[in-house]
Amino acid sequence: MENYNFRQIEIKWADRWVGEKIFTPDLKSAKNPFYALFMFPYPSAEGLHIGNFYAFTSVDVMAKYKKLKGYDVFEPIGFDAFGIHSENYALKIGETPAAMLARTIANFRRQLSSAGLGCDWTRVVDTTTPEYYKWTEWIFTKLFEKGLAYQKEALLNWCPSCKTVLADEQIEGGVCERCKTQPVKKTMKQWFFKITAYAQRLLDGLDSMDWSDITKYAQRNWIGRSEGAIVKFTIADCRLPIKVFTTRPDTLFGATYFVLAPEHGIIRELKPHIKNWDEAEKYIKEAGAKSDLERTENKEKTGVKLEGVYAVNPVNDEKIPVFIADYVLTGYGTGAIMAVPAHDARDYDFAVKYNLSIKEVVRHMNEENQNANLKMQNDNLKFKNIIKNDADNCFAGEGISINSGFLDGLTTAEAKEKMIAWLFKKGLGERKVNYRLRDWCISRQRYWGPPVPVVYCAKCGTVAVPEKDLPVVLPEMKKGWEPAGDGRGPLAKVESFMKTVCPKCGGPGTREADVMDNFLDSAWYFFRYLSPADDKHIFEPELGKKWLPVDLYVGGNEHAVLHLMYTRFITMALKDLGLIDFDNPFKRFRANGMILKDGKKMSKSKGNVINPEEYGEKVGYDALKTYLLFLGPLSEDRSFTDAGVLGAKRWADKVARLSIKVNKDAKDDDAVTRKLHKTIRAVEADFEEQKYNTAIARLMEMTNVLTAAAGISQDTWNKFIILTAPFLPALAEELWSEAGHKESIFLNGVWPEYDEDLAREETIELVVQVNSRLRDKIMVPADISEEAAKETALKSEKLKKWTEGKEILKVIYIKGRLVNIVVKDSQ
RNA sequence: GCCCGGAUGGUGAAAUGGUAGACACGAGAGACUUAAAAUCUCUUGGCCGCAAGGCCAUGCCGGUUCAAGUCCGGCUCCGGGCACCA
């Protein structure tokens, strides 16, 4: 094929793959399953984004490679179409989400089907269909039964622009993850999933998971485990108990004051004892009006002393003053702290500002304490939560306890242990592990999502809708579906929806007006792919046994603590329901880097958005996909350039042109055969590690070798085409059929086996070094013995200059590589 | 502040402790062509040198080693995660 029409070929083969169901496996009879998954797209109006396409591609080449290797490959596709994203866009263009999505999904299907991905188009999932969200709701009811879905009143993030509450994970850098609006704090009664019940399991699981490290670290940070103790203080006079969490129980003797978060419940109870109540109340109101971002932006700490109120330190019965200050957070620990200004930077700042006493109870380590120091290092292996944030005049590190009664002389680690034991014995406290992770708020005061499947009944209370009545269908709203902002979902206005009967007693009932978070839709979609039409099960159990967990998953790391953590949580919950027997939904997950344009993030406002379709038409999808993968390793960010795309296109053309050199009588010389087998070996190794960039480089090298060859044998040619097929699928198919094959190249597991003997070089270049500097290169037989190699090296003419008259100290031989002659340097 | 990454030619990047810069882009030269495009071939880290060759070179400073881009210690800068989280 001298000049080939890539566009025509790509369209032809994309059609045939779908039409002949080349990439549609029989899930039931599959012998050797491989489940390749990419993050299903949100079908935006702008169409397919290059970043998504890149992730799809990196899954797709692996899928094709496995297919060529004879696996039964399942590479499904679907649409994450519910959610605020879709809804907001529909609002903007004045259309209902359903009408808008019909159009955008059709556009996505068109774009994706011409892109030559090996997707199974018979099991497409759309989260907005009742067949799908029936099971989203079902998951809710199951979690409800297990006590993992519950309602509570809590201080939540309310996005004034999206007019809904959001989960903590959806606040990024203090603003709404979606619209970048600063949320305000609101106390509301909402539905939560008890993800905190899985905190330790989510953390422990990470250790053995084959996921990108950046993803695992993000999750670890988010879960935020810290070890310490709960200590019971009491309020003097009224004897009200109040607990604090601390990671430094060893500094208990250094507590000189006590702080409550402004929202702490005990404040109301203390009201009669607070002499300056008006001042306190004013502060509480002001703090409540501030967003988290405003609270932290101003590093200057503020607070109000509660006059007449004292807390009693349980270790020494000292009465210490009590403050309200917003540097103590309601949601973390107990919402109250013992302040140790000598050893905590924040407490120190506050103490200086309000002129409070500072009592040192930990001494720095110095040389005299060598022994203690060594001991501490050992202890640290056990205690990982070392805190070091030295402020100007406070020491937050570890050391030796002083001024601390029975702790004096102990290292921090020892003192912690001893204090915890002491507290426990006296009933004044206990060991406690605390997590930063909070429960997942799933209520959204919006229209475009699956309804929360519960009925409120005056007699029976809150009742989950039973499985036989699912799904609770989202009613069609032509008008008034925009968010009201009054804290209730738009569904509240649909009387026919809201008014229902209690599933338990048959009496009058009211539905929940809120819908569920979009991240719940996407937390389980890969289960549904297996049997999207099954109306009896969330997924067909035998198929689950065969195909799950997913073998390879690729997507953006912006979902590390959103989608990817929620998914792990739901998977664990499904396991506890007895549906599956694994905790980790994805055997291997890889976070792909970002594709930048001119070194910058792509955005519509900058006008530097790359449309894959444009390049598909210009150079073809084979070339575009190859280029994206050739750009560098999967995990790194990198820049897209037009010149680079042309390089990939040039390679495809070059491969196509080689076919005219193929003829039946041609015999390959040994160099070609050797290169072929080395290439097979290298490409396989690269695929195992998803090093697509170097795999492509090896194939380019092979292409250059074939370009230089006089003729190419049919056998070598067939094998070479197969090797290129994951990257250049349409071209490979075309060349394969041109070579006389009737069936698709992807059908029969035709990947060639490499022959170690044929891959072996007969001669090698022996590097000769003197004092580790390259001085000569000599061609020698590959199987040369150590003695012969050393002898050859020492005889080298070029070496004379460097070794003459010098004493040879030793000769180092590295098999198949080099001889290094170490000589004594005469100065 | 804590936890992770990263830094290699003009550019994207390769490199089980063993020849730094594979492969590609860009650039330069040549062949083919009436010409151009396409294609093919060659050159292409820096400095010195007619050449042979030599020296320098993987962010910076040290160390381990016969040998360090790679391992260890200490920095600098860039990127990411968390962050008044007790």
Side-chain angles (χ1 to χ4, degrees), chain A residues 2-3 172-174 212-224 226 228 244-248 251 259 292 295-301 325-329 331-340 343-347 349-350 386-391 396 434-436 557-558 560-561 591 627 630-633 635-648 650-651 653-654 657 691 693-701 703-704 707-708 765-777 798 801 809-823:
Chain A
E2 188 133 25
N3 280 307
E172 286 175 358
S212 290
D213 284 337
I214 42 165
T215 313
K216 298 208 281 186
Y217 286 120
Q219 293 203 358
R220 251 181 219 121
N221 282 336
W222 188 259
I223 295 166
S226 54
V244 300
F245 171 72
T246 178
T247 56
R248 292 296 298 268
T251 64
V259 190
D292 277 357
R295 281 191 186 189
T296 49
E297 255 172 5
N298 185 8
K299 287 281 174 195
E300 174 85 23
K301 293 187 176 32
D326 67 5
Y327 82 90
V328 173
L329 309 174
Y332 187 79
T334 64
I337 61 154
M338 61 166 200
V340 185
H343 306 290
D344 181 279
R346 295 151 302 177
D347 296 344
D349 290 346
F350 192 84
I386 311 153
I387 297 150
K388 283 190 202 117
N389 46 11
D390 288 85
N434 204 49
Y435 301 91
R436 216 192 65 92
N557 202 48
E558 65 273 18
V561 297
Y627 171 63
F630 184 58
L631 220 37
S635 60
E636 306 293 312
D637 292 353
R638 69 197 75 84
S639 260
F640 185 99
T641 64
D642 283 11
V645 182
L646 290 176
R650 219 172 284 165
W651 177 55
D653 289 344
K654 215 166 163 177
R657 234 180 286 123
K691 287 162 70 177
N693 54 333
T694 50
I696 293 166
R698 298 289 88 85
L699 291 169
M700 286 176 170
E701 282 177 27
T703 306
N704 293 341
T707 302
E765 199 181 47
L766 184 73
V767 167
V768 184
Q769 298 178 329
V770 177
N771 286 356
S772 307
R773 310 218 44 158
L774 176 71
R775 296 305 177 197
D776 197 7
K777 294 174 187 177
K798 289 181 181 168
K801 185 175 161 189
L809 297 176
K810 60 176 153 174
V811 180
I812 291 154
Y813 173 67
I814 304 296
K815 195 170 183 305
R817 285 189 183 268
L818 60 80
V819 174
N820 185 14
I821 298 155
V822 184
V823 299

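For clarity, every value in this text was computed on a predicted model and none was experimentally measured. Each chain gets a letter, A, B and so on, in the order the sequences are listed, and its residues count up from 1.
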*Which base, if any, makes a Watson-Crick or G-U wobble pair with B:U33, both distances under 3.5 Å?*
none
*Closest-nucleotide ordering on RNA chain B, the 5'-leading residue of A:Val822 and A:Asn704*: A:Asn704
*Which value, in whole Å, describes the distance between the P atoms of nucleotides B:U19 and B:A68?*
11 Å
_Looking at B:A86, I'd like to know if its phosphate oxygens (OP1 or OP2) sit under 4.0 Å from a side-chain N or O belonging to A:Ser226._
yes
*To the side chain of A:Gln769, which of B:C85, B:G18, B:C23 is closest?*
B:G18
*Considering only atom C1', compute the distance from B:G74 to B:U64 and round it to an integer number of Å.*
15 Å
_Any side-chain to backbone donor/acceptor pair from A:Arg248 onto A:Ala396? Under 3.5 Å, distance only._
yes
_B/S/- contact track for nucleotides 43-56 of chain B, protein heavy atom under 4.0 Å_ = ----------SSSS
*Base of B:G9 relative to its sugar, syn (within 90° of 0) or anti?*
syn
_Without decimals, in angstroms, what is the distance between A:Ile821 CD1 and B:U19 C1'?_
15 Å
*Using the C1' atom on both, measure B:G63 against B:G49 and round to a whole Å.*
36 Å
*If B:C71 has a Watson-Crick or G-U wobble mate with both distances under 3.5 Å, name it; if not, just say none.*
B:G63
*Taking only N and O in the side chain of A:Asn693, is any of them less than 4.0 Å away from OP1 or OP2 of B:C23?*
no
_Side-chain heavy-atom pair A:Lys216, A:Asp213 within 4.5 angstrom cut-off_ = yes
*Say whether, by atom type as modelled, one donor and one acceptor occur between the side chain of A:Arg775 and the main chain of A:Val768 under 3.5 angstrom.*
no
*Side chain of A:Val767 - closest among B:C84, B:U19, B:A86*: B:U19
*asked:* Going by purine N1 to pyrimidine N3 plus the second Watson-Crick contact, or the G-U wobble pair, all under 3.5 Å, which nucleotide sits opposite B:G21?
replied: none
_Could you identify the nucleotide paired to B:U16, looking across every strand shown and requiring Watson-Crick or G-U wobble geometry with both distances under 3.5 Å?_
none
_Tell me which nucleotide, if any, is Watson-Crick or G-U wobble paired with B:G5 when both distances must be under 3.5 Å._
B:C78
*Does A:Ala697 offer a backbone N or O that forms a donor-acceptor pair with the side chain of A:Thr694 under 3.5 Å?*
no
*Could you tell me whether the phosphate oxygens of B:A24, OP1 or OP2, come under 4.0 Å of any side-chain nitrogen or oxygen in A:Arg698?*
no
*Picking from B:U19, B:C85, B:C23, which would you name as closest to the side chain of A:Leu329?*
B:C85
_A:Lys301 NZ/CZ over A:Tyr327 ring centroid, <6.0 Å and within 45° of normal_ = yes
*Base, sugar-phosphate alone, or nothing: which one does A:Val561 contact when heavy atoms must sit under 4.0 Å apart?*
nothing
*What nucleotide, of B:A15, B:G18, B:C85, holds the atom closest to the side chain of A:Lys691?*
B:A15
*May I ask which nucleotide in the shown strands pairs with B:A86, Watson-Crick or G-U wobble, both distances under 3.5 Å?*
none
_Would the distance check show the side chain of A:Asp344 and the main-chain N or O of A:Ala339 forming a donor-acceptor pair, the cut-off being under 3.5 Å?_
no
*asked:* Under 4.0 Å, counting only non-hydrogen atoms across every strand here, what does A:Gly647 touch: a base, just sugar-phosphate, or nothing?
replied: sugar-phosphate
*Could you check which of B:C25, B:U19, B:C84 has an atom nearest any side-chain atom of A:Asp326?*
B:C84
*Could you please name the option among B:U19, B:C66, B:A86 that lies closest to any side-chain atom of A:Arg817?*
B:U19
_Under-3.5 Å donor-acceptor pair between A:Asn221 side chain and B:C82 base_ = no
_Rounding to an integer number of Å, can you tell me how far A:Lys777 NZ sits from B:U19 P?_
10 Å
*Residue closer to the 5' end of RNA chain B, A:Pro633 versus A:Lys654 (nearest nucleotide)*: A:Pro633
*Starting at atom OH of A:Tyr435, determine the distance to atom C1' of B:C85, rounded to an integer number of angstrom.*
15 Å
*For the side chain of A:Phe245, counting heavy atoms from C-beta on, which of B:C82, B:A86, B:G26 is nearest?*
B:A86
*Nearest of B:A15, B:U39, B:A86 to any side-chain atom of A:Thr694?*
B:A15
*For nucleotides B:C23 and B:A14, find the distance between their C1' atoms and express it as a whole number of Å.*
7 Å
_Using 0.5 Å steps for rounding, measure from the OG atom of A:Ser226 to the OH atom of A:Tyr435._
9.5 Å
*For B:G30 and B:A35, measure between their P atoms and round to the nearest Å.*
13 Å
_Side chain of A:Lys810, heavy atoms from C-beta onward: which of B:C3, B:A86, B:C66 has the nearest atom to it?_
B:C66
*asked:* Given 3.5 Å as the limit, does a donor-acceptor pair link the side chain of A:Asp347 with the main chain of A:Val340, or not?
replied: yes
*Polar side-chain atom of A:Thr215 near backbone of A:Ala560 as donor-acceptor pair, under 3.5 Å*: no
*Protein-nucleotide distance (A:Arg248, atom CZ; B:C85, atom P), rounded to Å*: 15 Å
*Find the distance A:Tyr217:OH to B:A83:C1' and express it as a whole number of Å.*
19 Å
_Spacing of the C1' atoms in B:C85 and B:G69 (rounded, Å)_ = 39 Å
*Nearest-Å distance for atom pair CZ/P, residues A:Arg650 and B:C23*: 15 Å
*Any sub-3.5 Å donor-acceptor pair from A:Tyr627's side-chain atoms to A:Phe640's backbone N or O?*
no
*With rounding to whole Å, what would you report as the distance between B:A37 and B:G28 at their P atoms?*
12 Å
_Whole-Å distance separating the CG atom of A:Asp344 from the C1' atom of B:A83_ = 13 Å
*asked:* With a 4.0 Å cutoff (strictly under), does any side-chain N or O of A:Arg657 reach OP1 or OP2 of B:C40?
replied: yes
*Which listed nucleotide (B:A13, B:A86, B:A83) is nearest to the side chain of A:Arg436?*
B:A83
*Determine, stepwise, if the pair A:Asn704 / A:Lys654 fulfils side chain to side chain donor-acceptor pair (under 3.5 Å).*
CA-CA 9 Å; A:Asn704 293 341; A:Lys654 215 166 163 177; 2.9 Å; yes
*Have a look at A:Ala218 and say if it touches a base, only the backbone sugar-phosphate, or nothing, with a 4.0 Å heavy-atom cut-off.*
sugar-phosphate
*Residue matched to B:U44 through Watson-Crick or wobble contacts both under 3.5 angstrom*: B:G26
_When you measure from the side chain of A:Asn557 to the backbone of A:Ala591, do you find a donor-acceptor pair of N or O atoms at a distance under 3.5 Å?_
no
*Taking atom C1' in both B:A67 and B:G59, compute the distance separating them and give it to the nearest angstrom.*
23 Å
_B:A51: pairing nucleotide in any strand, Watson-Crick or G-U under 3.5 angstrom_ = none
*Taking CZ from A:Arg220 and P from B:C3, how many angstroms apart are they, rounded to a whole number?*
14 Å
